[in-house]
Amino acid sequence: GSEMCIRDSAPPNRDSDLDQDDSSGVTSDGDDSDDADSPLRPDLYCLDHDRRVVIPIEFTVADDANLDAAIRRKHAKYDPWLLCNPSASVARLVPGAREPHTWTFGPLVVVAIGVWGTVPHSTIAALTALGLSVAAANTALCAVLASIAHSNMLISRLRHSSPTRWCGV
């Protein structure tokens, strides 16, 4: 079996994925470092220690009717950077790693879920490609969907309980 682990890389003040992604972080300057100053930082990394591959993972919660477009935006944002920067330094992610500058990036994995609970087939395929069984992927998705449903309920309650709602403001 392949030894894999997951590392969080999100900075503390992460932009919301409900906003349109922009490509301002895409660079072509050949800088292959993956340190805190790296122009793009995916939400998570999956490290395959046997193959010495870093798999970048992005999560997005988007409008159910536009999930395909949200996935395409993630790829448009990250794929050009990954093509220009095929080498991945894992020195920051795995302190003490053997030859930390000899790893490569795998393709971007996008895990997308709709705000009203739509789970595209690509999300299940992405989770199983990362090594989760279908049962484990289903368990994880159920937990995520419960969280999204709870958040949607809170947003709805806040919107509909606003005193200005009844004043026409």
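We use all heavy atoms of the structure for the numbers below, so side chains are in, but hydrogens, waters and symmetry mates are not. Treat the numbers as computed from the prediction; the structure is a model and nothing was measured.
- In terms of hydrophobic clustering, with Ile, Leu, Val, Met, Phe, Trp and Tyr side chains grouped at heavy-atom distances under 4.5 Å, V144 and I155 are assigned to different clusters.
- Under the side chain to side chain contact (heavy atoms under 4.5 Å, CB included) rule, E58 has a single partner from H75, K74, R73, which is K74.
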>> Applying side chain to side chain donor-acceptor pair (under 3.5 Å) to R52 and T104, what does each step give before you reach the verdict?
In response: CA-CA 7 Å; R52 305 174 70 73; T104 59; over 6 Å; no

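- When every heavy atom of A112 is checked against every heavy atom of P120, the shortest pair comes out as O-CD, 3.3 Å.
- Between the side chain of T123 and the backbone N or O of V119 there is no donor-acceptor pair closer than 3.5 Å.
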Check: So L141 and T139, side chain to side chain contact (heavy atoms under 4.5 Å, CB included) or not? Walk me through it.
Finding: CA-CA 5 Å; L141 289 171; T139 300; over 6 Å; no

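- In terms of heavy atoms, I57 sits closest to C46 at CD1-CB, 3.9 Å.
- L67 CG to T60 OG1: the interatomic distance, rounded to the nearest 0.5 Å, is 8.0 Å.
- For the pair V61 and G114, the tightest heavy-atom approach, listed with the atom from each and the gap, is CG1-C, 4.4 Å.
- Counting all heavy atoms, side chain and backbone alike, D63 lies closest to V115 at CA-CG2, 4.3 Å.
- Between the side chain of D48 and the main chain of R51, a donor-acceptor pair closer than 3.5 Å is present.
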| task | Walk me through it: do T128 and S133 pass the test side chain to side chain contact (heavy atoms under 4.5 Å, CB included)? | result | CA-CA 6 Å; T128 56; S133 68; over 6 Å; no

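- The two residues L145 and G117 have their closest heavy-atom pair at CD2-CA, 3.5 Å.
- Taking OH from Y78 and CG from L83, the interatomic distance works out to 15.0 Å, rounded to the nearest 0.5 Å.
- Aromatic rings from Y45 and W103 are positioned such that their centres are separated by 6.0 Å or more.
- Of all heavy-atom pairs spanning L82 and G106, the tightest one is CD1-O, 4.3 Å.
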